[in-house]
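No experiment lies behind these values; they were computed from the predicted model shown. For ligands, and for the atoms within them, numbers begin at 1 and follow the listed sequence.
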Amino acid sequence: MTRTALITGITGQDGSYLTELLLSKGYEVHGIVRHTSSLIANTSRLDAVYQDPHESGRRLFLHKGDVTDAGLLGNLVRDIAPDEIYNLAAQSHVRVSFDLPEYTANVTALGAVRLLEAVRASRVEARIYQASTSEMFGLAAPPQSETTVFHPRSPYGAAKLYAHWATVNYRESYGMFAASGIAFNHESPRRGETFVTRKITRAVARIAAGIEKHVYLGNLDAVRDWGYAPEYAEAMWLMLQHAEPVDYVIATGRPARVRDFAEAAFAHAGLDWRDHVEHDDRYERPAEVPELIGDPAKIGREIGWRAKVHWDELARVMVDADRAALRAGE
Ligand code: NAP
Ligand code: GDD
């Protein structure tokens, strides 16, 4: 029997890696794609697996939609009757959430409830993955684990915490197979260009090519636990294959500061980061999350997932990809 998955946020970094993983496992994959005013939809991260609607034997289906539209979600869940649902859709940028707090709550918090409610109302027996985040820990001291008390520091963190508890609540109230992966930062060459790792590696490529001289950053002392996004897609899938719906921290456990990542990325191109990184207040946040370091012991012990790529290798992989893309004129 072909297994079927529905992915919200399929056009994002994680959505694209998860799609590739599920297609490689023989799944039929359905994804929700937002409407844009441009003819070409925002599907560039799916280019490698895109299938023309006229092809026969197609296993990837893209549906126009939005997680702010409850009716659409209800119809899709009922019509597709997926075995697995991955809720990855979000306004996922922390800094942007301070400028768009209500919008962020509507998409990131209420979007999850709309989806849970669509599944409950349809009575479809789907397993649900909710993309929770280390940002929910906020000020809590590291290392953060499944038992750490949450203290979010941004509208995004608060919205994700609401979605997280809604997921727990639907599991406890209705016996649904709904589980949250509390993922720490994960990156890749497909990372959005305004997140700090990709902003740095793109700048390294352009500076090494002589196109630019400087990159402007905010807080260099923030500590993050950066992992490699394709491995986190594997963790999401493994969580839905588990016998029980259980929430897990997904992390490497290896911390680095923003300045460490910058140093490693510039050094990989033979450059000294101190010659090229300038400070700009605009990239500071009204409230910062100083230190996120995950404790991935539980997911390792119970479902055998362990991060393989750590932040310094990640910096090199991303610099190489951005330099290659620049050379290719992308
Ligand atoms: P991303 O690249 O920002 O992707 C977000 C996805 O959500 C995109 O496909 C986006 O569509 C879609 N989206 C935004 N608003 C939507 C709406 N109203 N309706 C439907 N779709 C909408 O994020 P990511 O890095 O892949 O992360 C995936 C999920 O994991 C997100 O929920 C994020 O908050 C969470 N998370 C990420 C990390 C991380 O470090 N990457 C860590 C913890 C949790 P467009 O392409 O049209 O913008
Ligand atoms: N974006 C950005 N741009 N961040 C900067 C900059 C800059 O110019 N300069 C310093 N930083 C610092 C931020 O203040 C933060 O402490 C750190 O770099 C990481 O910022 P981001 O890459 O924007 O990621 P994030 O940690 O805020 O959020 C990401 O990870 C979360 C998981 O912890 C996002 O992917 C969230 O969606 C995700 O939930």
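Nearest protein neighbour of atom 18 (N) of ligand 1, counting heavy atoms only, is Asp66 OD1, 2.7 Å. Among all non-hydrogen protein atoms, the one lying nearest atom 17 (C) of ligand 2 is Val258 CG2, 4.0 Å. Closest protein heavy atom to atom 48 (O) of ligand 1: Arg34 NH2, 2.8 Å. Counting only heavy atoms of the protein, atom 5 (C) of ligand 1 lies nearest to Ala90 O, 3.8 Å. Nearest protein heavy-atom neighbour of atom 34 (O) of ligand 1: Tyr156 OH, 2.6 Å. Annotation: atom 31 (C) of ligand 1 to nearest protein heavy atom, Leu88 O, 3.1 Å. With hydrogens left out, the protein atom closest to atom 12 (C) of ligand 1 is Gly9 CA, 3.9 Å, a heavy atom. Looking only at heavy atoms of the protein, atom 9 (N) of ligand 2 is closest to Gly218 N, 2.8 Å.
Between Glu135, Arg285, Arg259, it is Arg285 that holds the heavy atom closest to atom 21 (P) of ligand 2. Nearest to atom 45 (P) of ligand 1 by heavy atom, out of Asn42, Thr8, Val33, is Asn42. Between Arg198, Arg224, Glu288, it is Glu288 that holds the heavy atom closest to atom 14 (O) of ligand 2. For atom 21 (N) of ligand 1, the nearest non-hydrogen atom from the set Ala131, Ser16, Ala89 comes from Ala89. When the heavy atoms of Asn219, Val94, Thr197 are ranked by distance to atom 10 (C) of ligand 2, first place goes to Asn219. Summarising the contacts of atom 5 (C) of ligand 2 with Asn185, Val215, Val196, the nearest heavy atom is found in Val196. Of the options Gln13, Arg190, His186, the smallest heavy-atom separation from atom 39 (C) of ligand 1 is shown by His186. Distances from atom 23 (O) of ligand 1 to the heavy atoms of Gly192, Gly12, Ser92 put Ser92 nearest.
Distances below 4.0 Å separate heavy atoms of Ala183 from the following atoms of ligand 1: 42 (C), 43 (C). Close approach to Asn185 involves these atoms of ligand 1, each under 4.0 Å from a residue heavy atom: 40 (O).
The main-chain N or O of Ser92 is never found under 3.5 Å from a side-chain atom of Lys160 such that the two would form a donor-acceptor pair.
When heavy-atom distances to ligand 1 are checked against a 4.0 Å cut-off, Arg191 comes that close only through its side chain, counted from C-beta outward. Looking at Lys160 against ligand 1, only its side chain comes within 4.0 Å, counting heavy atoms.
For Arg95, the heavy-atom gap to ligand 2 stays at 4.0 angstrom or more. For the pair Arg191 and ligand 2, a heavy-atom separation below 4.0 Å is found.
At least one N or O atom of Thr194 sits closer than 3.5 Å to an N or O atom of ligand 2. Polar contact check, Leu220 against ligand 2: no nitrogen or oxygen pair lies under 3.5 Å apart. Where the criterion is an N or O separation shorter than 3.5 Å, residue side chain and backbone included, Ser132 fails it with respect to ligand 1. Looking at ligand 2, you won't find any N or O of Tyr283 less than 3.5 Å from one of its N or O atoms. Ligand 1 has no nitrogen or oxygen under 3.5 angstrom from a nitrogen or oxygen of Thr133.
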